[in-house]
Amino acid sequence: MDIKSVIELKARPEIPQFGPGDTVKASVKVVEGDRERIQAFQGIVIRVKRGDVNATFTVRRISSGVGVERTFFFQSPRLEKVEVVRKGKVRRANLYYLRGLSGRAGRIKERTRELPAELRVEAPAEMKEEAPPVAAPSVEQPQTSA
Amino acid sequence: MLRFPGIIGRKLGMTQVFTDDGRRIGVTAVEAGPCIVIQVKKEATEGYNSIQLGFGQAKRLNSPEKGRLKELGNLEHLKEFRVQGDAFKVGDKVDVSLFQPGDVVDVIGDSKGKGFAGGVKRYHFKGGPKTHGQSDRQRAPGSIGSNTYPGRVWPGQRMAGHLGARQATVQRLMVVKADASKNLLLLRGAAPGGDKGIVFIRKAEKRK
């Protein structure tokens with residue numbers, strides 16, 4: 001047995017496929033006192049990190065004039081769902097350059113064309129087996145991780 | 001004496017799991033058991049109570065080992081656990097169903113060898129200053145004693161030397177998961193030794 005097969009990754013059909021440059025709305029469960037509620041965080045995905053249980057994505061938004069970045073674990077049970085609000089056209093994987101830009105300079109063009117297959121962020125192989133079979137792969141295909 | 005034996009396992013490495021409330025905890029994965037009881041010692045015959053367990057598949061056994069294990073299988077690692085052996089007989093299997101999530105265990109294994117290590121790494125000496133005109137003193141041990149009296153270095157003075165590659169025990173790790181179908185144990189925290197190292201797991205001797 002090896003360490004990779006130890007942790008069973010949870011299938012996350014409620015998390016769609018998305019990549020850097022996309023604007024997403026991530027809903028997280030938050031405990032407030034003794035109540036639990038859903039908190040949404042909307043912004044631009046600036047990084048998607050792979051790595052099984054350690055896979056994360058980072059969302060950046062400007063909140064009352066201040067840049068705020070938040071990193072979410074794909075496997076976290078606190079992460080309720082992710083919605084893709086807008087697809088972005090970008091040419092790199094990590095959009096750290098956005099940190100130095102503000103206002104109009106920090107905009108990202110919308111991507112209307114579908115990405116070629118080799119540029120899509122694929123789910124790790126062991127997770128894809130658990131994903132529901134889908135006839136034709138499309139950007140909207142439900143997947144288990146990015 | 002405990003009625004609870006221990007188990008022999010192989011460290012697979014570390015990973016992390018999410019708890020239900022979303023916290024991540026670092027865990028050590030151990031492939032533990034199944035172990036086979038190869039001898040039961042009784043106070044009346046051997047002078048103390050214990051059971052001996054064997055684990056793993058040996059490629060080859062020498063003649064004395066073959067004679068000892070007979071038809072019990074080619075077991076690679078043997079270990080004795082001090083328990084009242086009434087509940088066990090030779091040939092019995094011990095697996096991770098011994099453990100429940102929430103149990104507290106001790107893990108014994110051989111630590112990673114660090115070679116000849118200086119005082120800073122070995123005993124957490126502070127080393128010397130970086131500035132104020134100093135040179136070549138950043139990882140020096142400093143003074144090792146007085147002058148005319150005693151005129152020698154006291155026994156036990158901590159100095160550089162060999163570090164690691166000895167038996168180490170980590171006490172009180174919590175069992176996060178025990179999966180008997182996979183012979184898998186997840187323990188919260190770190191265990192001695194490198195991946196693929198052999199570890200012994202027993203119920204924690206100190207209280208929770």
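The basis for the numbers below is simple: all heavy atoms, side chains too, and nothing from hydrogens, waters or symmetry mates. Each chain gets a letter, A, B and so on, in the order the sequences are listed, and its residues count up from 1.
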Rounded to the nearest 0.5 Å, what separation is found between the OG atom of A:Ser5 and the CG atom of B:Leu184?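 CG of B:Leu184 is found 8.0 Å from OG of A:Ser5.
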Measure the spacing between NZ of B:Lys11 and CD1 of A:Ile3 and express it to the nearest 0.5 Å.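 The distance works out to 9.5 Å.
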What part of [X] lies closer than 4.5 angstrom to a heavy atom of chain A: side chain, backbone, both or neither?
{"X": "B:Arg24", "value": "side chain"}
{"X": "B:Asp195", "value": "neither"}
{"X": "B:Lys177", "value": "side chain"}

Around atom [atom1] of [X], are there more than 12 heavy atoms of other residues, nucleotides or ligands at under 6.0 Å?
{"X": "B:Arg188", "atom1": "CZ", "answer": "no"}
{"X": "B:Asn62", "atom1": "CG", "answer": "yes"}
{"X": "A:Arg86", "atom1": "CZ", "answer": "yes"}
{"X": "A:Arg37", "atom1": "CZ", "answer": "yes"}
{"X": "A:Lys29", "atom1": "NZ", "answer": "yes"}

For a side-chain contact (heavy atoms from CB on, under 4.5 Å) with B:Phe18, tell me which candidate from A:Leu79, A:Val53, A:Ile7 qualifies.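 The passing option is A:Val53.
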Name the option with the most non-hydrogen atom pairs under 4.5 Å to chain A; the candidates are B:Asp21, B:Asp20, B:Val17.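 Sorted descending by pairs with chain A, the first entry is B:Asp21.
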Please determine, among B:Arg23, B:Gln16, B:Glu31, B:Lys182, the option with the most heavy-atom pairs under 4.5 Å with chain A.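 Result: the option with the highest number of such pairs is B:Gln16.
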Minimum heavy-atom distance A:Ser76-B:Gly22, with the two atoms named: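 Smallest heavy-atom distance, with atoms named: OG-O, 4.4 Å.
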